[in-house]
Amino acid sequence: MDVIIKKDYEEMSDYAAEVIAQAVRSKPDCVLGLATGSTPRGTYARLASKHKQGLDFSRVKTFNLDEYLGLEMELHKPYALDQSYARFMYEELFKHLNIRKENIHLPDGRPEDPGAFCAWYEEEIKKAGGIDLQLLGIGGDGHWAFNEPGSSLSSRTRVVDLSAQTIDDNYESFYKGSGIKKEKMPRRAITMGIGTILESRQLLIIASGEKKAAVVAKALQGPVTSEITASAIQLFRGNAAVVLDEPAAAKLKIC
Ligand code: PGA
C-alpha cells in the first residue's frame with residue numbers, strides 16, 4: 001500500500017483524479033468502481049475538466065458502491081430524488097462525461113427482490129471482467145461503502161442497516177437544509193461487500209480533514225477488524241494508493 005500525503009483537499013483531489021485518468025488512458029474500456037460522499041466531489045470535478053480537455057469515457061464502465069434502500073424516488077426516474085446516490089453521481093460526474101448510460105451500474109434503491117438484485121449486481125461485475133480501479137472514501141465509523149462496523153471482511157453485495165454514526169454524518173453532509181427530518185432518513189442500504197471490493201485489481205482510497213485522522217490511523221495501522229471495515233486495506237494484495245491530505249494523515253505513526 002502506498003500512502004501519499006498531500007497538503008490539502010485540492011491537492012489530494014488533483015492526485016486522485018490523475019490516478020483515475022491514467023487508468024482510463026492506459027485502458028480506455030476499463031471498469032471503474034465509484035464512491036459517493038463529500039470527499040470525492042473534488043476528484044469528480046477534476047475528471048469533468050479532464051474530459052473537457054479530451055479524456056474519453058465512451059468505453060468506460062462504472063459500478064457504484066452503494067445506495068440507500070427505500071428512498072421514495074419515482075420509479076424510472078432515479079435522479080429525481082435529491083438525496084439518492086444515483087442523483088449525486090449524475091450531478092457530480094456522469095452528466096459531465098461522455099459515458100454511456102448502459103455502461104453505468106448503480107445499486108437499485110428500490111429493488112423488487114433485494115436478494116436477487118444483489119446477486120445480479122455481483123454477476124454484472126464479473127461479466128464486465130471485474131473492477132480495474134475502485135475509488136473509496138473512509139466513513140467516520142471506519143466503513144468502506146456501507147459496510148458498517150461488524151460487517152464481515154468477506155461480505156458480498158447485500159442489504160445492510162446503517163450505523164447511528166453514518167446516519168448522523170450523512171444527515172450533516174447531505175440532508176441538512178433539505179427539509180427532510182433526520183428521523184425520515186433511510187436506515188438501510190445496498191452495498192458492495194468488503195469481499196467484493198477486495199477483488200478489485202487496484203484500490204484508490206481518499207480521505208480529507210482532521211475529522212478523519214483517528215479513523216485513518218486505525219484503518220491503516222491498527223488491527224484488521226470488522227469493527228473498522230476499511231482496515232481490510234491491509235489484506236489487499238494488489239496495488240493500493242491511499243491519498244490523504246495533511247490533516248487526515250496527522251495521526252499516522254511513522255513506521
Ligand atoms: P464522506 O464519506 O466522503 O462524506 O466523508 C466517506 C464515506 O462514507 O465513505
Side-chain angles (χ1 to χ4, degrees), residues 6 8-10 12-13 15-17 20 32-47 63-69 82-89 91-93 106-107 131 133-151 155 157 160-178 182 185-194 196-198 200 203-220 226-233 236 240-245 247-251:
K6 293 288 172 186
D8 55 21
Y9 179 78
E10 304 304 322
M12 179 207 76
S13 304
Y15 190 96
I20 297 171
L32 298 178
L34 297 177
T36 45
S38 32
T39 317
R41 281 198 159 115
T43 305
Y44 291 158
R46 283 154 179 80
L47 287 178
F63 286 87
N64 261 80
L65 285 170
D66 46 13
E67 179 61 281
Y68 293 117
L69 198 64
D82 279 357
Q83 278 73 28
S84 75
Y85 279 5
R87 185 170 194 278
F88 174 98
M89 289 307 302
E91 293 295 339
E92 301 284 331
L93 186 65
L106 295 155
I131 291 171
L133 172 60
Q134 176 68 59
L135 175 67
L136 292 152
I138 299 183
D141 63 0
H143 69 204
W144 261 355
F146 276 139
N147 292 283
E148 303 290 40
S151 295
S155 51
T157 302
V160 291
D161 292 324
L162 301 181
S163 74
Q165 183 170 350
T166 293
I167 291 169
D168 285 350
D169 290 348
N170 287 9
Y171 183 76
E172 288 298 316
S173 303
F174 299 104
Y175 278 78
K176 228 178 179 173
S178 70
K182 203 195 270 184
M185 259 187 74
R187 294 298 199 248
R188 295 198 308 155
I190 288 195
T191 184
M192 265 190 218
I194 296 293
T196 322
I197 292 167
L198 290 176
S200 309
L203 300 181
L204 172 61
I205 294 106
I206 53 176
S208 164
E210 62 177 352
K211 256 174 70 179
K212 294 286 171 74
V215 84
V216 162
K218 282 185 193 166
L220 270 52
S226 63
E227 290 306 308
I228 306 276
T229 55
S231 66
I233 179 76
F236 187 67
V242 184
V243 192
L244 307 170
D245 62 10
K251 296 208 163 143

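We count ligands from 1, going down the list as the structure has it; atoms in each ligand are counted the same way. Keep in mind that what you see is a predicted model, and the values were worked out from it rather than measured.
Below 4.0 Å from some heavy atom of Gly37 lie the following atoms of ligand 1, by number and element: 3 (O), 4 (O). Applying the 4.0 Å criterion to heavy atoms of Gly137 picks out, from ligand 1, the atoms 9 (O). Those atoms of ligand 1 with a heavy atom of Thr39 less than 4.0 angstrom away are 1 (P), 3 (O), 5 (O).
Residue-environment remark: CZ (Arg188) stays at or below the threshold of 12 foreign heavy atoms within 6.0 Å.
Close N/O approach between Lys212 and ligand 1 is found [any backbone or side-chain N/O within under 3.5 Å].
Ligand 1 lies less than 4.0 angstrom from a heavy atom belonging to His143.
His143 and Thr166 are linked by a side-chain donor-acceptor pair at a separation below 3.5 angstrom, with hydrogens and angles left out of the test. Under 3.5 Å, the side chains of Asn64 and Thr36 contain no donor-acceptor pair of N or O atoms.
In this structure, Ala35 and Gly137 approach most closely via the heavy-atom pair CB-N, 4.4 Å.
With hydrogens left out, the protein atom closest to atom 6 (C) of ligand 1 is Ile138 O, 3.6 Å, a heavy atom.
Neither the backbone nor the side chain of Leu136 has a heavy atom within less than 4.0 Å of ligand 1.
The side chain to side chain contact (heavy atoms under 4.5 Å, CB included) test applied to Lys211 returns no partner, not counting sequence neighbours. Shown here are the side chain to side chain contact (heavy atoms under 4.5 Å, CB included) partners of Glu172, two or more places apart in sequence or in another chain: Lys176.
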